[in-house]
Amino acid sequence: TAADYAPAVVIGSGYGAAVAALRLGEAGVRTLVLEMGRLWDTPGPDGKIFCSTGAPDQRSMWFRTRTEAPLATFLWLDVVNKDINSYPGVLDRVRYAEMSVFVGRGVGGGSLVNGGMAVTPPRPYFSEVLPQVDAAEMYGTYFPLARRMLGVNTVDPAWFESTEWYRFSRISRKHAQNAGLKTVFVPNVYDFGYMQREAAGQATRSALAGEVIYGNNHGKRSLDKTYLAAALGTGNVTIETMSRARGIRPEPGGGYVLTVERTDTAGRVVETKEIGCKQLFLGAGSIGSTELLLRAREKGTLPGLSTEVGKGWGHNGNVMTGRANHIWDTVGANQATMPTLGIDDWANPTNPVFAEIAPLPMGFEHWISLYLAITKNPERGSFSYDAATDSARLNWTRSQNQPSVKAAKSLFDRVNRANVTIYRYDLFGGNKTFADDFTYHPLGGCVLGRATDNYGRAKGYSGLYVTDGALVPGSIGVNPFVTITALAERNMTRILAEDPSG
Ligand code: FDA
């Protein structure tokens, strides 16, 4: 029996976790949220909560002595990364053998570091990926609910057409159109009204000051300002930071006991404690939740978990690439960090691609058009437990990304041909034109309907739930957080209606 007890514990504080915490709190269930990162609410010596992308310091990355930004180089020079002090910074790059996964650390998870693109997947593809989920209910109820709760908004088209800050998007749109490709506006959780005031010099700049992957000081409706604020407002939810869940074992009379390590800002474990609960919700993200369940199964504390735990992982077909524009096609020294346009070629029967037109805000003209392509890659990875390091190992080879590179290449070869342009070779190291070794969109590992039932209840145990991106089977065709949020809303509605709570 554990010293500490909460009727419900939620591990993590990203999208799935935040939905669970709010809905439990509203239902009157006393809920403890455990987050391994820190709470980002206190300004540093420079008066800012987060550091900028251009001048990163210890706040940028999770226990590193040098930053590891996705774009390693510029003109083949290592000018992007900087030496920093080791500290629980907000962005982590989890390195597996042939794939790096970028994740957010802190209260709000990925919402602290992401590009805010709030995209609802095309309905036919949603139904292809999750056929057992009632799409009418998702598109009628839970997607609209998620968008409203997340504070999704769209850029004013007239402002978009005229502002220097989106010149880079308009150039890429023109080049896509020259190739006969369609572009679409993409909603975002960044407050575009605030952004217009930034541009007008009436508000402190954030998206217009290069802030994004190491956090936004203004304008971004991250989860700490939406779902988590509402969860705390119920009076039933508390959040413990710098607290990492490691072990899960069942309590003989029902419920679970967690082993939790509390660490200091030097990364030292200052306390190891046990916390009991009746219901346990895993919202530690695709790789975090999967590792927790895999470890529990393989170490024998939860031996009855499904053999599907650890399977069905994918990277949402992510590939990044850059094109070199002609000298007259300037992209502008001033670029907003929040993407607003995508090239939508998902209906392409052979090589479906949805490509975000990404900013590259370096503060000077560089003539680069950058893209994060989402492709339909049938390859899946799996996790195995490595006893020596007590962690999960991702079985994924670089070659499994070939279908993604092929699809992205087919689209951007077309754009290059139509505009007589070429790829950039200097951005990703090793003269590579396609970055095929990292992802922003880890999905799967505890797939809905396989490792869990159709609502995220872990098979084999009652009162144990998966509520995050681990449920999505490896691909969703667009940026994933709206789907993760909506699915969590759907599952929580059912769980709160049917399952006995603490
Ligand atoms: P998420 O990863 O958000 O949260 C998990 C939380 O659990 C983290 O806070 C972590 O610290 C914590 N945790 C993990 N293990 C733990 C443990 N053992 N104990 C305690 N806490 C633990 N998506 C999108 O839709 N639009 C976009 O524009 C972008 N852009 C983007 C840019 C960048 C740079 C990144 C890294 C990611 C994106 N994404 C994105 C992806 C999006 O952020 C991602 O899909 C979601 O954050 C995933 O939500 P989850 O709820 O699954 O977990």
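One-based numbering, in listed order, for ligands and for the atoms of each.
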Checklist entry - Could an N or O of ligand 1 be found under 3.5 Å from any N or O of Ala118, whether backbone or side chain? => result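 By distance alone, the answer is no.
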Next on the checklist: Does any N or O of ligand 1 fall below 3.5 Å from an N or O anywhere on Met117, backbone included?
Outcome noted: yes
Checklist entry - Hey, is Ala17 one of the residues with a heavy atom under 4.0 angstrom from ligand 1? => result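 No.
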Checklist entry - For ligand 1, is there an atom lying under 4.0 Å from some heavy atom of Ser243? => result yes
Region of [X] engaging ligand 1 - heavy atom pairs below 4.0 Å:
X	result
Ile11	side chain
Asn479	both
Leu34	backbone
His441	side chain

Next on the checklist: Does the protein place a non-hydrogen atom closer than 4.0 angstrom to atom 44 (C) of ligand 1?
Outcome noted: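 Looking at atom 44 (C) of ligand 1, one finds that no protein heavy atom lies closer than 4.0 Å.
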Next on the checklist: Centre-to-centre under 6.0 Å for Trp396 and Tyr96, is that the case here?
Outcome noted: no
Checklist entry - Heavy atoms only: which of Gly115, Gly109, Ala284, Gly12 is nearest to atom 5 (C) of ligand 1? => result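 Residue with the shortest heavy-atom distance to the ligand atom: Ala284.
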Item to check | Selected option - heavy-atom contact closest to atom 53 (O) of ligand 1, from Ala488, Ala358, Gly285 | outcome: Gly285
Next on the checklist: When you measure from the centre of the six-membered ring of Trp62, is the NZ or CZ of Arg64 closer than 6.0 Å and no more than 45° off the axis?
Outcome noted: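 Cation-pi check for Arg64 and Trp62: fails.
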Item to check | Check: Asn216 side chain, Glu211 main-chain N or O, donor-acceptor pair, under 3.5 Å | outcome: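 Yes, the answer is positive, given that a donor and an acceptor are paired below the 3.5 Å cut-off.
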